[in-house]
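Note sheet for the following structure.
Counting convention: from 1, in listed order, for ligands and their atoms alike.
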Amino acid sequence: MSRSSDLFSKSRKLIPGGVNSPVRAFHSVGGEPLFISRAFGSKIVDADGNIYIDYVGSWGPMILGHAHEEVLTAIADAAQKGTSFGAPTEMEFTLARMVIEAVPSMEMVRMVNSGTEATMSAIRLARGVTDRDKIVKFNGCYHGHADGLLVKAGSGVLTLGIPDSPGVPEDYAKNTLVSEYNDLDSVKVHFDRNPDEIAAVILEPIPGNMGVMIPVDGFLEGLRKLTEKSGALLIFDEVMSGFRVALGGAQELFGIDPDITTLGKVIGGGLPVGAYGGKARYMSQMAPEGPIYQAGTLSGNPLAMAAGIATLNILKRPGTYESLEMTSAALADGLAEVNSSLGVKLAFNRIGSMFTTFFTKGPVNDLAGAKYSDAERFGEYFMGMLEEGIYLAPSQFEAAFVSLAHTDEDVTRTLEAHEKALKMIL
Ligand SMILES: *Cc1c(COP(=O)(O)O)cnc(C)c1O
């Protein structure tokens, strides 16, 4: 028995499903998760010493690659000075300033410990300032696991086929209205039926949690106009897209000015961080300046701030996103070439360094489109890739991430693996 397999069977007795987050299980691809012992650059190493080219990147944060020296040094230096104070530090100010400088719509920001906390707090803020209860979210978008946001959510609930989680009171879920991504009319309907009742529209401007989706022309602009007209806040959940698709996230790419933005993943440099922020007129409503309450013992943790600052400092350097784009484009072009040489039609969505291959002809613009994918085929492909040393997310409905550490050689090896894996399952 492999060491991973042994650790998994032991863990299952102590930890539900043997994992501390459901997406890590290999449920939908019919296998057992690998236990990881370490990672460096673009590589991840399992408990049996097998080395893989990693396209999970801890589900988004590791944009620099693993164990980046400057980040490790920053964390070690911070740790020497104490790991938590429960009092403000200069580093919190520094990271706040860096985030506000980078993300166009953000005037004030508050640090929290996860993306879940960020979106949960953003929703409370929107409800608090509008004095309305209802929110609109999109089918297949994931905003963490807070009660009202688990309705028709993406990521793990989508992969595991859990449409609406037990434990979320109906009274609570009824305030969540669901629309279809890229379908403005499906949002208008809610505003027509619930005038003056909708506090916010929340979305992943570039969804990654039902597989990567690209906003169609006019969709994001339409949401901005619709929310403005009806006095609802527009919340961009950029926990995944923030500092990933551009320094200023999706809002910079598409030139949209949301009221509130949520961040996480990349801004923590691999440590637990989330953040929410936006217009000062709204953010100043948060306690202690205003009456809307939100707090956190470890919020703004010095180790996490140090990792975030080091990561953003590197991302700010000229040429970073161009370099990510070059590697990602080379990979995308190569995948397309392999597919066409084998005569397979697979939908492929990419924006910058995040992409998804869907096992359907496509096009895929929303959850319904993604669901045409042949999940069984994907599972076989996933296992084939793993066998060839390529570590992908164990789900059809997730994004793959390229990091700055991925090399031309990684791309070549990935393309060879892709060809072998496809040939095996055709
Ligand atoms: C990952 C993610 C979250 C949740 O963040 P956690 O840190 O896992 O709580 C929220 N929104 C989006 C868009 C995400 O990708």
Subset of ligand 1 atoms that lie under 4.0 Å from at least one heavy atom of [X]:
{"X": "Thr116", "result": "4 (C), 5 (O), 6 (P), 9 (O)"}
{"X": "Glu204", "result": "13 (C)"}
{"X": "Gly144", "result": "3 (C), 4 (C), 10 (C)"}
{"X": "Asp237", "result": "10 (C), 11 (N), 12 (C), 13 (C)"}
{"X": "Ser114", "result": "7 (O), 9 (O)"}
{"X": "Met240", "result": "15 (O)"}

[X] side chain vs [Y] backbone, donor-acceptor pair below 3.5 Å:
{"X": "Ser373", "Y": "Ala375", "value": "no"}
{"X": "Arg244", "Y": "Gly60", "value": "yes"}
{"X": "Thr119", "Y": "Gly144", "value": "no"}

Practice task
Considering only non-hydrogen protein atoms, determine which one is nearest to atom 15 (O) of ligand 1 and report residue, atom name and distance to 0.1 Å.
Solution key: Lys265 NZ, 2.6 Å
Problem - atom 5 (O) of ligand 1 - nearest protein heavy atom and its distance - result: Gly115 CA, 3.2 Å
Exercise for the section: Could you tell me whether Glu197 and Arg132 have a side-chain N and a carboxylate O separated by less than 4.0 Å? Expected result: no
Problem - Distance-only side-chain donor-acceptor flag, Ser186 / Tyr181, under 3.5 Å - result: no
Exercise for the section: Taking the six-membered ring for Trp and the single ring otherwise, decide whether the centroids of Phe401 and Phe355 are under 6.0 Å apart. Expected result: no
Exercise for the section: Name the orientation class of the two ring planes belonging to Tyr391 and Tyr52 (parallel below 30°, tilted from 30 to 60°, perpendicular beyond 60°). Expected result: tilted
Handout entry: Thr262, portion touching ligand 1 at heavy-atom distance under 4.0 Å
Key = neither
